[in-house]
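Count residues from 1 along the sequence.
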Amino acid sequence: DLDFDQDQEDDPGATVCPYCSMAYKGARNRCGRCGTLMGEAVRDIQGAGASARKLLRSRKALSDTLFLVGLLLGGPIITIAHNVVIGGFIVLAGGLASALRRYTDWSLPGTLLVATLSAMAVAAWVIEPARSAIETSEAGEGARLAYAQALAGQDEASVQARGANHIAIWFGRSEAQVEECGTYPDAEVRAHLAELGFLRVVVERPNQSGGICSFKP
């Protein structure tokens, strides 16, 4: 219902598109020739862009806040209270909630619910077994160290448990005692070393093959 006339550019009642110079009359939000947005349409687009940027900033701010809260609550529980399961659950829940809030359009309650359930599953299937393995390793470390000290008191050789978690046992013997690698210590001792979790036996003296003797118990 609008009257377009390219030849009316000098008509004071006509409006001219600033991009293609097409003249038209009446309220117009888009040029009929080049499709350029004008007037109210430009302001609407600008307003929509500003709203989208504001929403993105608020979403990122909330995402960062969720991650920070999880870290501040869960970190001290792990390091100070030494509760790896609960602390790890809180940190993981905060991290998952942060990622979901940043990259999805889910509501905040839905984001927190999914993050909490996922963190509970990971805590039950991964963190708890890992914690049990650490505690078992620490208990085994004490047993290995005690057995090495007991051997040092019974044997002429110097005996030391070495390495991370004391998984290697070192025997220091005199160079006069030359024998085949693997025959010392005896089979009964080697079997008990394997049961305690020792992964490497080292005898620090020359053997028939030359050099330091190193083998699995």
Would you compute the distance between atom CD1 of Ile78 and atom CG of Asn83 and round it to the nearest 0.5 angstrom?
8.5 Å
If Ile, Leu, Val, Met, Phe, Trp and Tyr residues are connected whenever their side-chain heavy atoms lie under 4.5 Å apart, and connections chain through other members, are Met120 and Ile86 in the same group?
yes
Do you know the tightest heavy-atom contact between Gln160 and Ala148?
C-CB, 4.4 Å
Residue Phe67 excluded, over 12 heavy atoms near CZ under 6.0 Å
no
Give a yes or no answer on whether the side chain of Arg190 reaches the backbone of Pro185 with a donor-acceptor pair at less than 3.5 Å.
yes
Worked verdict on Ile169 versus Leu151 for side chain to side chain contact (heavy atoms under 4.5 Å, CB included)
CA-CA 10 Å; Ile169 186 166; Leu151 287 178; 4.0 Å; yes
Can Leu73 be reached from Leu92 by stepping across I, L, V, M, F, W or Y side chains whose heavy atoms are under 4.5 Å apart?
no
For Leu112 and Ala97, the nearest pair of non-hydrogen atoms, with its separation, is CD2-CB, 4.2 Å
Residue pair Arg144, Leu193: steps toward the side chain to side chain contact (heavy atoms under 4.5 Å, CB included) verdict:
CA-CA 8 Å; Arg144 288 190 291 272; Leu193 291 175; over 6 Å; no
Separation of Leu108 CG from Leu100 CG (nearest 0.5 Å)
11.0 Å
Looking only at heavy atoms, which two atoms of Lys216 and Leu199 are closest? And how far apart?
CG-O, 3.8 Å
Within the distance-only criterion (no hydrogens, no angle test), does the side chain of Ser63 pair as donor or acceptor with the backbone N or O of Arg59 below 3.5 angstrom?
no
Verify side chain to side chain contact (heavy atoms under 4.5 Å, CB included) between Val201 and Trp170, making sure each step is shown before the conclusion.
CA-CA 6 Å; Val201 177; Trp170 292 58; over 6 Å; no
If you round to the nearest 0.5 Å, how far is CG of Leu62 from CZ of Arg102?
10.0 Å
For the student: nearest non-hydrogen atoms of Asp186 and Val189, plus distance
OD1-N, 2.9 Å
Side-chain donor or acceptor of Arg200 paired with backbone N/O of Pro217 under 3.5 Å
no
Least distance between heavy atoms, Val202 atom then Ser214 atom:
CG2-OG, 3.9 Å
Hey, does the side chain of Ser118 reach the backbone of Val114 with a donor-acceptor pair shorter than 3.5 angstrom?
yes
I need the minimum non-hydrogen distance between Arg101 and Thr111, along with the two atoms involved.
N-CG2, 3.9 Å
Tell me if a side-chain donor or acceptor on Arg162 pairs with a main-chain N or O of Ala168 at a distance below 3.5 Å.
no
Reference residue Val69; test side chain to side chain contact (heavy atoms under 4.5 Å, CB included); the match among Leu66, Leu71, Thr65:
Thr65
When hydrophobic residues are tied together by side-chain contacts of less than 4.5 Å, even through go-betweens, does Leu96 share a cluster with Trp106?
no
Is there a path of hydrophobic side-chain contacts, each under 4.5 Å between heavy atoms, that joins Phe215 and Tyr184?
yes
Can Phe198 be reached from Val159 by stepping across I, L, V, M, F, W or Y side chains whose heavy atoms are under 4.5 Å apart?
yes
